[in-house]
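Just so it is clear: chains get the letters A, B, ... in the order the sequence lines come, proteins before strands, and each one is counted from 1.
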Amino acid sequence: MLDIKYILANQAEYAEVLKNRHFDFDLNVIAELDSRRRKIIGETETLKAMRNRKSKSADATEEFDPKAAKARIKELDSELAEVEKELHDYMMTLPNKLSSTTPIGNDENDNPVVRTWGTPREFTFEPKAHWDIAEPLGIMDFEKGVMLAQSRFTVLKGMGARMERALVNFMLDMHTKKHGYLEVEPPFMVRSAILEGTGQLPKFAEDLYRLQNDDLWLIPTAEVPLTNLNRESILEEKDLPLYYTAYTPCFRREAGSAGRDVRGLMRQHQFDKVEMVKICTPETSYDELEKLTNNAAEVLETLGLPYRVVNLCSGDIGFGSAKTYDLEVWLPSQNKYREISSCSNCEDFQARRMSLRYRPADGGRPVFAHTLNGSGIAVGRTLIAIIENYQNEDGSVNVPEALVPYMDGITRITR
RNA sequence: GGAGACGUGGCCGAGUGGUCGAAGGCGGUUGACUCGAAAUCAACUGAGCAGCUUGCUGUUCCUAGAGUUCAAAUCUCUACGUCUCCGCCA
């Protein structure tokens with residue numbers, strides 16, 4: 001959520017942000033509701049001040065009808081509640097501002113490439129798609145996934161399941177031991193308010209799985225519980241930045257992506273991800289974003305997977321993010337780079353929604369923290385990248401050297 | 001799921017209708033003492049909103065919501081949560 005004072009004071013500027021995000025909304029609606037709100041507050045506070053004076057001292061001489069005042073206050077209070085709810089509901093649907101370093105553009109084709117790492121391997125044979133490698137190896141079973149659940153679910157077996165687990169441990173070890181993140185195991189289900197805090201609700205309910213009987217939702221990413229860990233609190237500046245990492249499954253309904261990536265493990269309703277979250281001061285958040293992105297990139301580099309970094313443009317960037325770097329890994333079968341991590345600085349957008357503040361070291365008023373999140377990285381897609389990039393002509397798959405210790409010394413997956 | 005107890009500031013804890021944004025303690029900040037630290041002493045130390053002379057005034061907040069009352073942290077109801085005992089259970 002944005003500061004309403006910012007919107008009112010910079011209406012033209014923010015209208016431009018909305019335009020660049022392809023977001024259609026008339027900000028005069030906000031201005032009008034806010035002036036109604038102020039008017040009601042003015043009247044009600046005058047009445048309350050009179051009432052308080054009257055009830056505090058018996059000798060108050062001013063003319064005051066407590067009965068009439070009470071009725072009017074009640075009326076105004078409920079009007080105010082209505083206006084504030086309406087205003088809040090609008091505010092919760094407005095997207096974040098953009099960083100000055102976020103490029104203006106229409107869609108993913110306008111995302112500039114920041115850098116590229118590694119050289120895609122030259123194949124002496126036609127590289128296969130991961131499903132054509134994994135199924136014969138018996139390490140992925142797509143039909144069983146559909147049988148047990150529905151499409152976009154997959155069963156990993158044998159060395160497939162083993163490598164998935166190895167990747168989780170490998171990533172968590174790197175982030176905790178080398179990059180200084182605190183490992184967390186959060187709930188995989190959360191309340192509505194938690195999803196409002198990070199911005200998935202109220203706008204994107206159709207992307208989420210909901211447990212109707214208990215009013216809980218399955219998390220679409222560990223960003224949700226991790227970022228909310230310190231909600232509604234005032235941290236001390238000396239305790240910042242906070243670094244959290246967690247492995248969790250992620251659950252997404254993938255509404256609106258019918259027909260995209262229908263084969264294989266690329267787009268699943270349930271997938272594993274190691275996530276990184278940072279809570280820091282406004283002064284440091286853009287440095288922290290660079291570091292966070294590098295932390296994710298190091299996973300790919302250590303596994304020897306070629307990738308590139310793109311800077312998401314205004315038309316492609318997420319609702320709550322001011323700046324996002326996507327890491328895209330090379331997939332030989334598709335002959336292109338595909339998203340495997342997304343690292344965002346949400347500035348104070350989420351912090352406002354969840355009332356996450358810190359007290360500056362100089363003792364001033366509490367200020368909203370900045371929050372960042374990034375995949376560190378998507379485990380299923382990493383499995384795809386390894387299978388495709390490390391495939392051999394005979395249908396076997398080599399295990400990346402860095403992963404061998406996590407696989408009991410196994411260096412190659414064969415039939 | 002059944003029975004009981006309880007939810008007060010960063011934490012602990014007093015407060016059972018107005019004098020309470022809330023005693024006291026811990027913690028924190030600053031100052032004094034000290035070569036320095038500790039100890040000791042002193043002062044300060046919650047948040048939101050509105051207004052304007054930007055430092056003050058007003059207002060709201062004692063889990064949340066509703067109610068009683070001229071007046072609610074305090075009384076009533078509901079919800080949620082925590083704890084204890086019992087049941088069930090990985």
Side-chain angles (χ1 to χ4, degrees), chain A residues 1-9 30-92 94 185-197 201-202 210-218 225 228-242 248-249 279 281-282 348-369:
Chain A
M1 188 157 62
L2 293 165
D3 185 355
I4 190 163
K5 288 176 189 156
Y6 159 78
I7 293 181
L8 296 174
I30 299 290
E32 210 164 289
L33 281 169
D34 186 65
S35 78
R36 272 179 65 197
R37 171 176 153 270
R38 282 165 204 263
K39 215 177 137 207
I40 295 169
I41 288 173
E43 191 182 337
T44 195
E45 288 200 352
T46 307
L47 282 171
K48 283 175 179 172
M50 280 197 271
R51 180 192 66 189
N52 288 346
R53 271 199 298 279
K54 188 76 174 182
S55 69
K56 259 182 189 144
S57 58
D59 56 67
T61 52
E62 76 189 292
E63 292 282 323
F64 184 72
D65 178 356
K67 289 268 191 207
K70 187 189 177 181
R72 182 63 182 151
I73 286 170
K74 194 173 175 183
E75 199 175 274
L76 288 168
D77 278 349
S78 78
E79 255 179 67
L80 180 64
E82 244 171 74
V83 170
E84 286 192 329
K85 183 180 186 305
E86 203 178 337
L87 191 55
H88 181 258
D89 287 352
Y90 277 123
M91 291 296 292
M92 288 294 277
L94 294 178
E185 166 133 338
F188 302 161
M189 301 175 223
V190 296
R191 301 150 37 214
S192 300
I194 302 304
L195 287 150
E196 285 167 9
L201 289 179
R210 181 176 198 173
L211 300 150
Q212 211 94 29
N213 292 339
D214 302 283
D215 198 24
L216 289 168
W217 308 70
L218 295 177
N228 275 282
L229 266 181
N230 297 283
R231 82 196 318 267
E232 287 161 52
S233 59
I234 303 174
L235 306 168
E236 295 297 329
E237 181 171 359
K238 67 174 161 55
D239 296 329
L240 301 179
L242 294 172
T248 69
I279 297 167
T281 65
D348 65 3
F349 186 81
Q350 295 178 323
R352 285 178 185 281
R353 290 174 159 246
M354 60 180 74
S355 189
L356 165 55
R357 293 171 295 175
Y358 71 93
R359 192 177 300 281
D362 65 18
R365 306 210 130 227
V367 303
F368 289 108

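- Searching all strands for a Watson-Crick or G-U wobble partner of B:U40 with both distances below 3.5 Å returns B:A32.
- Both distances falling under 3.5 Å, in either a Watson-Crick or a G-U wobble arrangement, place B:A3 opposite B:U84.
- Taking the C1' atom of each, B:G10 and B:A71 are spaced 32 Å apart, rounded to whole Å.
- Rounding to whole angstrom units, CD1 of residue A:I73 and P of B:A72 are separated by 10 Å.
- Across the protein-nucleic acid pair, A:E236 atom CD and B:G10 atom C1' stand 8 Å apart, rounded to whole Å.
- The pair A:R72-A:E75 meets the salt-bridge criterion, since a charged nitrogen lies less than 4.0 angstrom from a carboxylate oxygen.
- Between A:I40 atom CD1 and B:U59 atom P the separation is 19 Å, expressed in whole Å.
- Atom-to-atom distance recorded for A:L33:CG and A:I4:CD1 is 8.0 Å, nearest 0.5 angstrom.
- Comparing the C1' positions of B:U84 and B:U68 gives an interatomic distance of 33 Å, to the nearest angstrom.
- The CD atom of A:E232 lies 10.0 Å from the CZ atom of A:R357; values are rounded to the nearest 0.5 Å.
- The CE atom of A:M1 lies 10.5 Å from the CG atom of A:D348; values are rounded to the nearest 0.5 Å.
- A salt bridge does not link A:E196 to A:R353: none of the charged nitrogens lies less than 4.0 Å from a carboxylate oxygen.
- Here B:A71 sits opposite no nucleotide as a Watson-Crick or G-U wobble pair (both hydrogen-bonding atom distances under 3.5 Å).
- In this entry B:C89 has no Watson-Crick or G-U wobble partner, no candidate having both defining distances under 3.5 Å.
- B:A14 sits 13 Å from B:C62 when the C1' atoms are compared, rounded to a whole Å.
- Nucleotide B:U53 has no partner under the Watson-Crick or G-U criteria, as no pair reaches both atom distances under 3.5 Å.
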When you check every protein heavy atom under 4.0 Å of nucleotides 45-51 of chain B, what one-letter string (B, S, -) results, 5' to 3'? -SSSBSS
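- Rounded to an integer number of Å, the gap from A:L47 CG to B:U60 P is 11 Å.
- Of the P atoms belonging to B:C44 and B:G51, the separation is 31 Å, rounded to the nearest Å.
- In this structure, A:K48 places its NZ atom 14 Å from C1' of B:A71, rounding to the nearest Å.
- By the 4.0 Å N-to-carboxylate-O rule, A:R37 lies close enough to A:D34 to be salt-bridged with it.
- When rounded to the nearest whole Å, the span between CG of A:D77 and C1' of B:G67 equals 15 Å.
- The line from CZ of A:R36 to CD of A:E86 is 6.5 Å long, rounded to the nearest 0.5 Å.
- Nucleotide B:G28 holds its P atom 13 Å from the CG atom of A:D239, rounded to whole Å.
- Remark: B:U59 base-pairs with B:G48. Criterion, Watson-Crick or G-U wobble with two distances under 3.5 Å.
- With P as the reference atom, B:A23 and B:U8 are 16 Å apart, rounded to whole Å.
- Taking atom C1' on both B:C11 and B:G46, the two are 13 Å apart, rounded to the nearest angstrom.
- Across all strands shown, B:C20 has no partner, as no Watson-Crick or G-U wobble contact with both distances under 3.5 Å is found.
- In this structure, A:E232 atom CD and B:C61 atom P are separated by 18 Å, rounded to whole Å.
- Put simply, CD1 on A:I194 and CE on A:M354 are 7.5 Å apart, with the number rounded to the nearest 0.5 Å.
- As rounded to the nearest Å, B:C75 and B:A5 have P atoms that lie 15 Å from one another.
- As rounded to the nearest Å, B:U45 and B:G21 have C1' atoms that lie 14 Å from one another.
- Contacts of A:K74 with the nucleic acid, taken as non-hydrogen atoms under 4.0 Å apart, involve only primed sugar atoms and P, OP1 or OP2.
- Between A:I73 atom CD1 and A:K48 atom NZ the span is 6.5 Å, to the nearest 0.5 Å.
- Summarising the base pairing, B:G10 is matched to B:C26 through a Watson-Crick or G-U wobble pair whose two defining distances lie under 3.5 Å.
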